[in-house]
Amino acid sequence: MDESSIGVRIRRFRGKALTQRQLADQAGVSVDLVRKLEQGGRQTASIASLQKLARALDVDISDLIGKRHGIPSGNPDAGIVAIRRALTPVDDLLGEVPEEEAVSLDDGRRAVDYAWGAYWAGRYELLTTILPASLTQLRATVHSARNGTVAPANELLARMCWVTGCTLVHLGHTDPAFLAIRQALAAAERGDDPLLLATIRGSVAWQLLVQGRYDESRRVALRAATDLEPAGEVQAAHLSAYGSLVLQGATAAGRAQNVPEALSLVEAASEIALRIGGDRQDYETYFGPSQVVMQTVDVNVSSERYPEALAAAKAMPANSGLPQASRARHLADTAVALTRTGQHQRALDALLNAERVGGVDWIKYQSLPRHIVSELLDHDRRVPLRAFARRIGVNT
């Protein structure tokens, strides 16, 4: 069996402390699923089942699926360790806050916009080289801000901490990611933009979702949506932020296997998207008809409703307004549904398209395509699939 498979990790973490049946009972999954994963009969399971197994084994899901990454470069000022250091400064304890590192608000905006552009392009390695210095500089900018510059400086720091948290999630480092998003939230609270604050609360909900804390994720997203619920005529950006929060609540409900509530929230988000009339990007977040379709597919895949997922995917607009990382993720979700319904060639085509859209930097840090390919290899070992498997690090 592949030594990097989920089954091997489950068996290693289970050790002698739990039998397969005891693990299944504690996780609330079938013992047949545990047995097949450990024996290699299945290469993966639904996200909800994997989260349950991770909780029962008292590990992070990143450890279970092998998603935690370092970015070795030989540069001590770049990489995961450098980001951790930038997120946990002790300069104030030493009385050495370096105001000379502060940048102007205009330079700060350019740095933030560049970081988010790299994020939505899936360029996570690039981000690990620019985030440490950017965090330090913007923190110095906040420290040196006076009068009318205090709020905008904090908003820039909030956006940089936010992109840092999102990047760390994709690299599998959920603990420093949550530290980053809480710092983003604190900085946004010192700002003067309620839509930015609400949208970052939505990102807190997303991180809770990644951690398997589905009920808390749903509650945080919907509480933020309630606080932002539009009354009368409001700007499109306000509707977009509100709709994104409702959709985040739907995703969390779907991961918790509460399908009726998830679909009800998706329908509410769809009505908001129709009111807006198209795809938008506001506050580093995308919302509109394309995002509604993407999350509808996610809800159905996470609840193993694969025919419904494929039916929903057909509604994706031809000229989708999703960024490339989101389009690639949607294609990977669609590939899951195609694989589980026996449409193996179409699944491979979707994965190859995801690789093309997301790019090599994106796919390198995605575990879902690797798990799908492992399943496909049980049915098809022709050259195109094997070549793709080798490119993304799956043993053939």
Side-chain angles (χ1 to χ4, degrees), residues 1-69 172 174 209-214 254-257 259 298-307 309 329 332-344 347-348 350-351 354 363 365-381 385-386 388-390 392-396:
M1 183 189 297
D2 182 358
E3 289 300 310
S4 65
S5 72
I6 288 177
V8 167
R9 294 190 183 93
I10 290 174
R11 189 165 63 238
R12 184 185 307 134
F13 289 129
R14 180 171 63 81
K16 296 181 179 179
L18 296 170
T19 66
Q20 289 180 338
R21 182 166 295 280
Q22 287 171 331
L23 173 59
D25 290 343
Q26 289 191 24
V29 301
S30 70
V31 69
D32 184 60
L33 174 62
V34 175
R35 186 177 298 118
K36 285 182 176 178
L37 285 170
E38 290 196 4
Q39 294 176 350
R42 285 188 64 167
Q43 297 300 321
T44 190
S46 69
I47 293 174
S49 294
L50 292 176
Q51 289 282 12
K52 291 176 181 178
L53 287 167
R55 284 199 297 271
L57 291 165
D58 195 28
V59 298
D60 191 275
I61 191 171
S62 298
D63 298 315
L64 193 61
I65 64 178
K67 192 180 176 183
R68 203 182 301 271
H69 297 280
T174 53
L209 180 83
V210 172
Q211 295 177 26
R213 298 163 64 177
Y214 302 135
R255 295 288 174 86
Q257 306 300 295
V259 179
D298 181 275
V299 165
N300 283 301
V301 167
S302 64
S303 56
E304 301 186 347
R305 291 158 42 94
Y306 302 120
R329 172 65 195 210
D333 279 342
T334 304
V336 174
L338 290 166
T339 300
R340 301 290 169 77
T341 53
Q343 301 178 65
H344 302 136
L348 175 58
L351 287 174
I363 203 163
Y365 297 102
Q366 304 302 311
S367 57
L368 184 59
R370 291 197 294 275
H371 296 313
I372 303 168
V373 166
S374 295
E375 286 192 38
L376 290 175
L377 285 168
D378 291 336
H379 305 279
D380 177 7
R381 301 191 63 83
L385 177 60
R386 288 164 56 200
F388 177 61
R390 286 193 293 272
I392 63 173
V394 176
N395 293 331
T396 59

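In this chain, residues are counted from 1 in sequence order.
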Legend entry - CG on L209 to CG on D298, rounded to 0.5 Å: 7.5 Å
Inset, instruction - Indicate yes or no for a side-chain donor-acceptor contact from R255 to the backbone of Y214 under 3.5 Å, with no hydrogens or angles considered. - result: no
Legend entry - Intermediate values then yes/no, side-chain contact (heavy atoms from CB on, under 4.5 Å), D32 and R35: CA-CA 5 Å; D32 184 60; R35 186 177 298 118; 4.3 Å; yes
Legend entry - Heavy-atom side-chain contact between D58 and F13 under 4.5 Å: no
Inset, instruction - Check whether any side-chain heavy atom of L376 sits under 4.5 Å from a side-chain heavy atom of L351, and report yes or no. - result: yes
Inset, instruction - State, with a plain yes or no, whether a side-chain heavy atom of H371 is found less than 4.5 Å away from one of V394. - result: no
Legend entry - Whether R55 side chain and G212 backbone form a donor-acceptor pair below 3.5 Å: yes
Inset, instruction - Dump the intermediate steps for side-chain contact (heavy atoms from CB on, under 4.5 Å) on D333 and N300, then the final yes or no. - result: CA-CA 10 Å; D333 279 342; N300 283 301; over 6 Å; no
Inset, instruction - Please name the pair of heavy atoms, one in A335 and one in A350, separated by the smallest distance, quoted to 0.1 Å. - result: CB-CB, 4.0 Å
Inset, instruction - Could you pull out the closest heavy-atom pair between L33 and V29, with the gap in Å? - result: CD2-CB, 4.1 Å
Legend entry - Residue pair L348 / F388: nearest heavy atoms and the distance that separates them: CD1-CD2, 4.1 Å
Legend entry - Between OG1 on residue T334 and CD1 on residue I372, distance to nearest 0.5 Å: 9.5 Å
Inset, instruction - Scan E38, Q39, R11 and name whichever one has a side-chain hydrogen bond (donor to acceptor under 3.5 Å, both in side chains) with Q20. - result: E38
Legend entry - Flag, side chain of Q257 to backbone of S302, donor-acceptor distance under 3.5 Å: yes
Inset, instruction - Could you tell me which non-hydrogen atom of I392 sits nearest to which non-hydrogen atom of R370, and how far apart they are? - result: O-CD, 3.1 Å
Legend entry - Any side-chain heavy-atom pair of L368 and R329 under 4.5 Å: yes
Legend entry - Distance (rounded to the nearest 0.5 Å) between D378 CG and H344 NE2: 9.0 Å
Legend entry - Q22 side chain near R14 side chain, heavy-atom distance below 4.5 Å: no
Legend entry - Heavy-atom pair with the smallest gap, counting every atom of A309 and A337: CB-CB, 4.1 Å
Legend entry - Sub-4.5 Å side-chain heavy-atom contact between I6 and L53: no
Inset, instruction - Looking only at non-hydrogen atoms, find the nearest pair between Q211 and R213 and report the distance. - result: OE1-NH1, 3.1 Å
